Colleague: 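One structure, as C-alpha cells, below. Some questions next.
Treat the numbers as computed from the prediction; the structure is a model and nothing was measured.
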Amino acid sequence: MDPIKYFTFSMIISILGIRGILLNRRNIPIMSMPIESMLLAVNSNFLVFSVSSDDMMGQSFASLVPTVAAAESAIGLAIFVITFRVRGTIAVEFLNSIQG
C-alpha cells in the first residue's frame with residue numbers, strides 16, 4: 001500500500017474544504033458542508049495512518065469522527081432554526097449582531 005496517494009487525496013479534500021469556507025461566506029448551512037468534507041479528510045488520514053502502522057487506534061478514532069460530526073450538525077441545525085425564527089434570515093451579513 002502506498003500511503004502517499006491517500007495522503008495526497010486527503011490533502012486535496014482539505015484544500016477544497018478550506019477554499020469552500022473562504023469562498024462562500026453568505027449562507028451558513030452551505031458553509032458547514034466544507035467543514036464536513038474537512039472532517040472526511042481527517043478521517044481518511046486516521047485510517048491510512050492506522051493501516052500503515054498496523055495500529056487499531058486510528059480506526060477507533062475514525063469511528064468516533066462521524067459521531068462528533070453528527071452531534072455538530074444537530075447542534076448547528078438547531079441554532080440555524082432558532083436564528084431563523086428570531087431574525088427571519090440566516091444570512092451571514094445580518095448575523096453580526098449576535099452577542100454571547
Colleague: Please check if L40 and V42 belong to a single hydrophobic cluster, counting links between Ile, Leu, Val, Met, Phe, Trp and Tyr side chain heavy atoms closer than 4.5 Å.
Modeller: no
Colleague: Could you work out, with ring-ring contact (aromatic ring centres under 6.0 Å, His included) as the rule, every residue matching F84, not counting sequence neighbours?
Modeller: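 Checked F84 against ring-ring contact (aromatic ring centres under 6.0 Å, His included); zero matches.
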Colleague: Please report the shortest heavy-atom distance between I13 and S37, naming the atom on each side.
Modeller: CG2-O, 3.2 Å
Colleague: Using the side-chain contact (heavy atoms from CB on, under 4.5 Å) definition, which of the options I82, I75, L77, V81 pairs with I79?
Modeller: I75
Colleague: Kindly write out the residues that satisfy side chain to side chain donor-acceptor pair (under 3.5 Å) with E72, not counting sequence neighbours, or none if the list is empty.
Modeller: none
Colleague: Side-chain contact, heavy-atom cut-off 4.5 Å: P34 with R19?
Modeller: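 SC-SC contact between P34 and R19 ruled out.
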Colleague: Could you see if L22 belongs to whatever hydrophobic cluster contains M38? Use Ile, Leu, Val, Met, Phe, Trp, Tyr and a side-chain cutoff under 4.5 Å.
Modeller: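 The answer is yes; both residues are in one hydrophobic cluster.
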Colleague: Using modelled atom types only, decide if a donor and an acceptor are shared between the side chain of S10 and the backbone of A41 within a distance under 3.5 Å.
Modeller: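 It does hold such a pair.
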Colleague: Give, for atom CZ of F7 and atom CG of D2, the distance between the pair rounded to the nearest 0.5 Å.
Modeller: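 Separation between the atoms: 9.5 Å.
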Colleague: Are side-chain N/O atoms of S50 and D55 paired as donor and acceptor at under 3.5 Å?
Modeller: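 D55 and S50 do not have a side-chain donor-acceptor pair below 3.5 Å.
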Colleague: According to a 4.5 Å side-chain heavy-atom criterion applied to Ile, Leu, Val, Met, Phe, Trp and Tyr, with indirect links allowed, do I12 and L39 form part of one hydrophobic cluster?
Modeller: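 No, I12 does not connect to L39 through the hydrophobic network.
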Colleague: So for atom OH, which belongs to Y6, do other residues, nucleotides or ligands contribute more than 12 heavy atoms lying within a distance under 6.0 Å?
Modeller: no
Colleague: Say whether, by atom type as modelled, one donor and one acceptor occur between the side chain of S52 and the main chain of F49 under 3.5 angstrom.
Modeller: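 No, S52 side chain to F49 backbone: no donor-acceptor pair under 3.5 Å.
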Colleague: Starting from V51, can I reach L47 by hopping between I/L/V/M/F/W/Y residues whose side chains sit under 4.5 Å apart?
Modeller: no
Colleague: What I'd like to find out is whether the side chain of M57 reaches to under 4.5 Å of the side chain of F61, using heavy atoms alone.
Modeller: yes
Colleague: Looking at every heavy atom in both N24 and M31, which two are closest together, and how far apart are they?
Modeller: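 For N24 versus M31, the nearest heavy atoms are O-CG, 2.9 Å.
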Colleague: Determine, using the 4.5 Å side-chain heavy-atom cutoff (strictly less than), whether L64 and F46 are members of one ILVMFWY cluster.
Modeller: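 Yes; tracing contacts between hydrophobic side chains, which count when under 4.5 Å, links both residues.
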